Asks: 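Got a structure for you, questions after.
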There are 2 protein chains.
Amino acid sequence: MSDNTLSKSNLNPNVSVDCVIFGFDGEKLKILLIDREQVMVGDDGEKVYALPGNLIRNDENLDSAAHRVLNELTGLHDIFLEQFGSFGDPDRLTKKTDLAWLKSIRAQPDARVITVAYYSLVRADQLELHASGFAKDALWHDIDKLPSLGFDHDKIIDSALKELRFKSKYQPLGFELLPEKFTLGQLQKLYEAILNTELDKRNFRRKILKMSFLVPLQEKQIGVPHKPARYYTFDKDMYQNYKSNDFYFTL
Amino acid sequence: MSDNTLSKSNLNPNVSVDCVIFGFDGEKLKILLIDREQVMVGDDGEKVYALPGNLIRNDENLDSAAHRVLNELTGLHDIFLEQFGSFGDPDRLTKKTDLAWLKSIRAQPDARVITVAYYSLVRADQLELHASGFAKDALWHDIDKLPSLGFDHDKIIDSALKELRFKSKYQPLGFELLPEKFTLGQLQKLYEAILNTELDKRNFRRKILKMSFLVPLQEKQIGVPHKPARYYTFDKDMYQNYKSNDFYFTL
DNA sequence: ACAAAAGTGTTTAATTTACACCCATGT
DNA sequence: ACATGGGTGTAAATTAAACACTTTTGT
């Protein structure tokens with residue numbers, strides 16, 4: 001904060017991070033995109049959005065850079081971020097509109113930049129977003145109707161989605177990412193949104209509850225116009241244990 | 001080749017690639033390491049090895065860089081390489097012996113370098129190695145008795161090994177990587193070496209043969225002092241098909 | 001009373017596991 | 001003849017899949 005101007009010179013011109021933040025609102029899977037400072041309009045006149053991302057600093061590691069950049073652009077903090085790939089085609093920053101924008105914000109707008117990509121999954125409806133930096137706005141977009149995207153961000157999102165689907169089938173993903181307490185119905189909806197399929201309620205419950213890190217709470221939903229569901233939470237220690245062992249599961 | 005001197009100036013000072021080449025000799029899992037030009041000796045007097053890796057060029061993408069660098073240092077070519085992670089701690093190049101070595105080969109030895117890591121799995125006993133560039137030698141090392149390593153290469157190898165084990169359980173990995181024809185016994189030994197376990201022969205065969213991309217050849221082993229095994233090959237098209245569908249398998 | 005999601009078991013099919021002997025070849 | 005790894009089947013246990021009704025609450 002205090003060395004904000006100083007830090008500018010400390011940016012590495014060749015390495016950036018980009019964050020694919022998946023959001024779940026209880027129903028659908030979304031992605032967090034930023035709207036950049038100047039009006040970015042593509043060849044076809046459409047607005048062009050981007051993933052939150054920026055150059056790394058020379059004195060921070062990649063994970064820290066991802067957290068910092070995400071926070072600077074969207075206000076999100078303290079979320080789980082996982083690196084899933086790096087993208088470095090020499091021409092990934094060469095779209096006309098992207099170049100024009102880079103000229104307005106970067107010391108070396110023509111530099112070759114490779115980007116290290118991270119993803120996360122959060123509650124889209126419970127986190128406050130505060131766009132700042134060069135982000136004019138930070139908004140959730142439906143995953144099945146994404147707008148035009150700058151750079152190679154469509155490719156990065158494709159890749160993140162593949163990773164999310166793959167991991168969610170073979171690891172109990174989505175637990176670092178859930179609110180502290182949740183119902184099994186919410187959990188099932190989450191998996192259905194990720195995998196884009198419907199799951200059998202009874203089979204889902206049986207399988208998911210076999211994982212010993214899911215612990216039932218006494219607390220139940222209140223004020224819902226149907227039988228109130230029990231809340232669950234998950235035991236981080238048990239979960240770590242589970243993760244370190246080999247296992248897979250099928251939903 | 002012809003623009004070798006010219007290309008030097010074209011190197012990006014901040015981004016490198018490193019290759020973790022797993023080798024299988026029919027028995028054990030190995031890793032390919034290079035021995036660098038000057039004698040590299042750690043604090044304890046031990047020789048210090050490194051993964052084949054170097055800076056990328058500004059005009060090539062990351063995959064090409066990995067193939068090029070691997071070829072320049074070890075002579076390997078036309079192998080399957082998969083990106084599995086990027087490593088970028090600010091202090092990853094700050095060991096004394098590493099710094100000394102970097103000063104002898106790099107224009108900007110103190111530059112922050114993040115590295116994009118790739119892995120592969122090849123036949124350790126059938127490929128010719130030709131060390132060149134700053135590699136004095138390129139040698140296979142047993143995976144369970146690795147020597148001292150420069151930089152953060154021990155961390156990179158750990159990570160690669162985890163990835164290899166994970167992927168090999170959930171995807172039919174190790175097929176791009178095998179010789180054109182192989183016996184099921186060899187395939188089983190490969191999986192046993194990767195997973196570091198013993199597998200039941202009959203169960204292994206049943207499961208692996210259910211994968212339609214494994215095709216039996218008429219050809220059999222000759223000159224072996226036991227019943228000659230049938231050779232198999234794998235159908236790349238079927239395999240792609242298989243990979244694009246969701247699936248997992250347990251050995 | 002009704003709408004809406006929670007919660008709960010059983011049967012059948014498919015998959016996984018454990019396990020032992022004969023075969024073809026070179027020496 | 002013997003040593004070596006190749007090749008094969010089956011029974012029992014486990015896991016996955018399909019499927020429908022009762023419960024609790026708010027309106």
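Being a predicted model, the structure only gives us computed values, none of them experimental. Values below: every heavy atom of this structure, side chains too, minus hydrogens, waters and symmetry copies.
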Asks: Side-chain donor-acceptor pairs under 3.5 Å in residues 225-233 of chain A, sequence neighbours left out?
Replies:
from	atom 1	to	atom 2	distance (Å)
A:Arg230	NH1	A:Leu217	O	2.5
A:Thr233	OG1	A:Glu180	O	2.7

Asks: Look at the aromatic rings of A:Phe234 and A:Phe213 and report parallel, tilted or perpendicular, splitting at 30° and 60°.
Replies: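 Answer is perpendicular, since the angle exceeds 60°.
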
Asks: I need the OH-C1' distance between A:Tyr232 and C:dA6, as an integer number of Å.
Replies: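 That distance rounds to 10 Å.
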
Asks: Enumerate the salt bridge (charged side-chain N to carboxylate O under 4.0 Å, His left out) contacts for residues 200-210 of chain A, please, sequence neighbours excluded, ordered by first and then second residue.
Replies: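 As it turns out, there is no salt bridge (charged side-chain N to carboxylate O under 4.0 Å, His left out) pair with a partner in residues 200-210 of chain A once direct neighbours are skipped.
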
Asks: Looking at B:Asp25 and B:Arg123, does any basic side-chain N land under 4.0 Å from a carboxylate oxygen?
Replies: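 Between B:Arg123 and B:Asp25 there is no salt bridge, as every charged N stays at least 4.0 Å from the carboxylate O atoms.
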
Asks: Output all residues satisfying ring pair (Phe, Tyr, Trp, His ring centres under 6.0 Å) with B:Phe22, sequence neighbours left out; order by chain, then residue number.
Replies: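 Once residues adjacent in sequence are excluded, B:Phe22 has no partner under the ring pair (Phe, Tyr, Trp, His ring centres under 6.0 Å) criterion.
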
Asks: Quick one: on DNA chain D, does A:Lys210 or A:Val224 contact a more 5' nucleotide (nearest heavy atom)?
Replies: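 Upstream on the strand: A:Lys210.
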
Asks: Counting only heavy atoms and a strict 4.0 angstrom limit, can you tell me which residues of residues 200-207 of chain A come near DNA chain C?
Replies: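 Per residue number, the list reads A:Lys201, A:Arg202, A:Arg205, A:Arg206.
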
Asks: Grab the NZ-C1' distance between B:Lys227 and D:dT4 for me, whole Å please.
Replies: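 Going from B:Lys227 (NZ) to D:dT4 (C1'), I get 13 Å.
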
Asks: Residues in ring pair (Phe, Tyr, Trp, His ring centres under 6.0 Å) with A:His141, at least two apart?
Replies: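 For A:His141, the residues satisfying ring pair (Phe, Tyr, Trp, His ring centres under 6.0 Å) (neighbours in sequence not counted) are A:Tyr49.
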
Asks: Using whole Å, what does the distance between atom P of nucleotide D:dA16 and atom CD1 of A:Ile208 come to?
Replies: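 The distance from CD1 of A:Ile208 to P of D:dA16 comes to 12 Å, rounded to the nearest Å.
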
Asks: Show every salt bridge (charged side-chain N to carboxylate O under 4.0 Å, His left out) that has at least one partner inside residues 147-164 of chain A, sequence neighbours left out.
Replies: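 Of all non-adjacent pairs touching residues 147-164 of chain A, those that pass salt bridge (charged side-chain N to carboxylate O under 4.0 Å, His left out) are A:Asp89-A:Lys155, A:Arg92-A:Asp152, A:Glu163-A:Lys167.
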
Asks: Under the ring pair (Phe, Tyr, Trp, His ring centres under 6.0 Å) test, which residues partner B:Phe151, sequence neighbours left out?
Replies: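 For B:Phe151, the residues satisfying ring pair (Phe, Tyr, Trp, His ring centres under 6.0 Å) (neighbours in sequence not counted) are B:His153.
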
Asks: Identify, residue by residue, the members of residues 214-222 of chain A with a heavy atom below 4.0 Å from DNA chain C, and return them in order of residue number, or none.
Replies: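 Residues of residues 214-222 of chain A under 4.0 Å from DNA chain C: none.
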
Asks: Among residues at least two apart in sequence or on other chains, which ones pass ring pair (Phe, Tyr, Trp, His ring centres under 6.0 Å) with A:Tyr119?
Replies: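 A:Tyr119 satisfies ring pair (Phe, Tyr, Trp, His ring centres under 6.0 Å) with A:Phe84 only.
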
Asks: Roughly, in whole Å, what's the span from OH in B:Tyr231 to P in C:dA24?
Replies: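 For the pair B:Tyr231 OH and C:dA24 P, the rounded distance is 18 Å.
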
Asks: Could you tell me the separation between the CG atom of B:Leu187 and the P atom of D:dG5, rounded to a whole number of Å?
Replies: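 Result: 17 Å.
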
Asks: Let me know the distance between CG of B:Leu209 and C1' of D:dG7, rounded to the nearest Å.
Replies: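 From B:Leu209 CG to D:dG7 C1': 11 Å.
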
Asks: Between atom NE2 in B:His226 and atom C1' in D:dA1, what is the gap in whole Å?
Replies: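 Roughly 18 Å, once rounded to whole Å.
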
Asks: Rounding to a whole Å, what distance do you find between B:Gln188:CD and D:dT4:P?
Replies: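 It is 18 Å, rounded to the nearest whole Å.
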
